[in-house]
K.L.:
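Below you'll find the structure I mean.
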Amino acid sequence: MLAVYKREFKAFFTNMIGFIFIAFLLLITGIYSTAYNFSGYYPNFEFSLNNVSFIFAFVVPLLTMRVMAEDKRQNTDQLLFTSPVSVGKIIIGKYLAMVTILLITVAALCVYPLILSMYGSVNFGSAYGAIVGFFFLGAALIAIGMFLSSLTESQLIAAVVTLGVLLALYLMSYLATLISPTAFASFAAFTVVVIIVAALLFLMTKNIIPSVILFAVCEAVLAILYFMKPALLEGRFRGFLEQLALFDRYQVFVSNGIFDLTTIVYYLTIVVLFLFFCVQAIEKRRWS
């Protein structure tokens, strides 16, 4: 795993993606902190980070687009699969390489509150709590991007799909307001979600039977609820979308100024879940 980690970490700086990721994230943070904290005389660095968080939707696809897709395109993944290292350790090694690049960026962000303290009073607890939350938000989004990269051989497709998914996550609260709270709207929306999940399962396994079974079971449950207990579906899809709003969960570090362990656990759950999905997708390719 260590060898994979070193190989991937070095590769990110050999092809300049690591430098671009760090530079672009620090540039946007510098612009917002200058506008809010220095020019606006506002001491809360966490508010600048909150406004910067949207940039993850653009820089994470840049970081994750090649990590799995390029190996599949060049068939260099076969060398990894024949090594004594398990697929899980290979995935973790690649993931930790990307997280290390994020960690370098976050370490640089830790200097900002210290600079602000030279010009006034700064709540270091809130500032550094927000920085920690910022790191875990980025780590969760990287895991999602890595999984999406494992589904294709094209870096461009991986980047575009990841960009679309992350933008949807960023706009999730707004998208939730567009959904009618009626039972039928929830039934129809959940049906679309089931179709998407079944399609992803097919892409991962290349076996249509599990996908059809999953769709049939989920759709049967939805139909029973809709016709027997429609009240249980009213407004449920809105709530479902709100639970998927990864960016909005970061707000608790900013609006409340507290370190929310629940949100950290949520982000770690996302990391574990999508790394597991990534392992399953690669395992299928390994034995196919």
Side-chain angles (χ1 to χ4, degrees), residues 1-27 29 53 55-110 131-159 161-163 165-166 246 264 267-283 285-286:
M1 184 177 74
L2 183 60
V4 174
Y5 168 80
K6 291 180 178 179
R7 169 183 173 270
E8 290 298 324
F9 184 74
K10 182 180 179 180
F12 279 117
F13 291 99
T14 300
N15 58 26
M16 301 298 290
I17 290 179
F19 290 112
I20 295 173
F21 177 88
I22 295 173
F24 196 66
L25 199 53
L26 291 180
L27 172 64
T29 304
S53 64
I55 206 63
F56 275 135
F58 299 93
V59 296
V60 167
L62 178 68
L63 190 66
T64 62
M65 65 180 184
R66 59 158 294 277
V67 68
M68 301 302 300
E70 183 67 7
D71 284 340
K72 291 175 67 176
R73 187 181 68 84
Q74 297 182 348
N75 288 324
T76 54
D77 56 346
Q78 300 301 321
L79 298 176
L80 295 175
F81 294 156
T82 56
S83 69
V85 182
S86 66
V87 174
K89 290 183 178 180
I90 292 173
I91 296 301
I92 293 174
K94 288 174 173 286
Y95 174 74
L96 290 179
M98 293 185 288
V99 170
T100 301
I101 296 174
L102 174 63
L103 188 60
I104 293 172
T105 310
V106 169
L109 295 179
C110 291
I131 291 175
V132 172
F134 189 78
F135 168 76
F136 281 101
L137 170 61
L141 297 176
I142 288 173
I144 295 174
M146 185 175 184
F147 165 67
L148 295 174
S149 177
S150 70
L151 299 178
T152 178
E153 297 180 0
S154 170
Q155 293 187 42
L156 179 60
I157 293 176
V161 172
T162 303
L163 173 63
V165 170
L166 298 191
L246 272 70
I264 299 300
Y267 287 148
L268 288 176
T269 302
I270 295 295
V271 170
V272 173
L273 185 63
F274 278 91
L275 289 185
F276 172 76
F277 289 159
C278 190
V279 169
Q280 299 310 305
I282 299 304
E283 282 282 9
R285 175 174 170 81
R286 182 181 189 181

K.L.:
For residues 98-107, which side-chain N or O atoms pair as donor and acceptor with protein atoms under 3.5 Å away, sequence neighbours left out?
P.N.:
residue : atom : partner : partner atom : Å
Thr100  : OG1  : Tyr5    : OH           : 2.9
Thr100  : OG1  : Leu96   : O            : 2.7
Thr105  : OG1  : Ile101  : O            : 3.1

K.L.:
Partners of Tyr95 by ring-ring contact (aromatic ring centres under 6.0 Å, His included), sequence neighbours excluded?
P.N.:
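ring-ring contact (aromatic ring centres under 6.0 Å, His included) list for Tyr95, sorted by chain: empty.
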K.L.:
What are the two closest heavy atoms between Lys94 and Met146, and how far apart are they?
P.N.:
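Heavy-atom minimum between the residues: CB-CE, 3.5 Å.
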K.L.:
Quick one: pull up CG in Leu166 and CD1 in Ile142 and give me the separation to the nearest 0.5 Å.
P.N.:
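Going from CG on Leu166 over to CD1 on Ile142, the span is 10.0 Å.
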K.L.:
Can you give me the closest heavy-atom contact between Ile131 and Cys110, atom names plus distance?
P.N.:
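Closest heavy-atom pair between Ile131 and Cys110: CD1-CA, 3.9 Å.
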K.L.:
Output the distance between atom CZ (Phe134) and atom CG (Leu25), rounded to the nearest 0.5 Å.
P.N.:
4.5 Å
K.L.:
How long is the span from the CZ atom in Phe9 to the CG atom in Leu2, to the nearest 0.5 Å?
P.N.:
12.0 Å
K.L.:
Check side-chain contact (heavy atoms from CB on, under 4.5 Å) between Val161 and all other residues, then give those that pass, not counting sequence neighbours.
P.N.:
Leu148, Ile157, Val165
K.L.:
Working to the nearest 0.5 Å, report the span between CZ of Arg66 and CG of Asn15.
P.N.:
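Going from the CZ atom of Arg66 to the CG atom of Asn15 covers 5.5 Å.
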K.L.:
With sequence neighbours excluded, what pairs up with Phe136 under the ring-ring contact (aromatic ring centres under 6.0 Å, His included) test?
P.N.:
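Per chain and number, Phe136 pairs via ring-ring contact (aromatic ring centres under 6.0 Å, His included) with no residue.
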K.L.:
How would you list all residue pairs meeting side-chain hydrogen bond (donor to acceptor under 3.5 Å, both in side chains) that involve residues 269-278, not counting sequence neighbours?
P.N.:
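Qualifying pairs: none.
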K.L.:
Give, for atom CG of Leu268 and atom CG of Leu273, the distance between the pair rounded to the nearest 0.5 Å.
P.N.:
12.5 Å
K.L.:
Would the distance check show the side chain of Ser149 and the main-chain N or O of Thr64 forming a donor-acceptor pair, the cut-off being under 3.5 Å?
P.N.:
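Here the side-chain-to-backbone pair exists.
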K.L.:
Contact between Leu63 and Phe12 at the side-chain level, heavy atoms closer than 4.5 Å - yes or no?
P.N.:
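Yes, at least one pair of side-chain atoms sits under 4.5 Å.
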K.L.:
Give me the atom names and distance for the closest heavy-atom approach of Ala57 to Leu163.
P.N.:
O-CD1, 3.1 Å
K.L.:
Is the ring pair Phe13/Phe19 parallel, tilted or perpendicular, if the boundaries are 30 and 60 degrees?
P.N.:
perpendicular
K.L.:
If you compare all heavy atoms of Ile264 against all heavy atoms of Gly133, which two are closest, and at what distance to 0.1 Å?
P.N.:
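Scanning both residues completely, I find the closest heavy atoms to be CD1-CA, 4.3 Å.
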K.L.:
Partners of Phe24 by ring-ring contact (aromatic ring centres under 6.0 Å, His included), sequence neighbours excluded?
P.N.:
none
K.L.:
Under a 4.5 Å cut-off applied to non-hydrogen side-chain atoms, are Leu62 and Phe58 in contact?
P.N.:
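Not in contact.
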K.L.:
Just how far is it from atom CG of Leu137 to atom CG of Leu246, taken to the nearest 0.5 Å?
P.N.:
6.5 Å
K.L.:
Before you tell me yes or no, could you show the steps for Leu109 and Leu26 under side-chain contact (heavy atoms from CB on, under 4.5 Å), namely the whole-Å CA-CA distance, both residues' side-chain angles and the distance that decides it to 0.1 Å?
P.N.:
CA-CA 8 Å; Leu109 295 179; Leu26 291 180; 3.8 Å; yes
K.L.:
If every non-hydrogen atom of Ala143 is compared with every non-hydrogen atom of Val271, which pair is closest and at what distance?
P.N.:
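In this case the closest contact between Ala143 and Val271 is CB-CA, 3.8 Å.
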K.L.:
Identify the heavy atoms of Ala97 and Glu8 that sit nearest to each other, and give their distance.
P.N.:
CB-CB, 3.7 Å
K.L.:
Between Phe56, Phe274, Tyr267, which is the residue that forms a side-chain contact (heavy atoms from CB on, under 4.5 Å) with Leu141?
P.N.:
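Of all the options given, the one that passes is Phe56.
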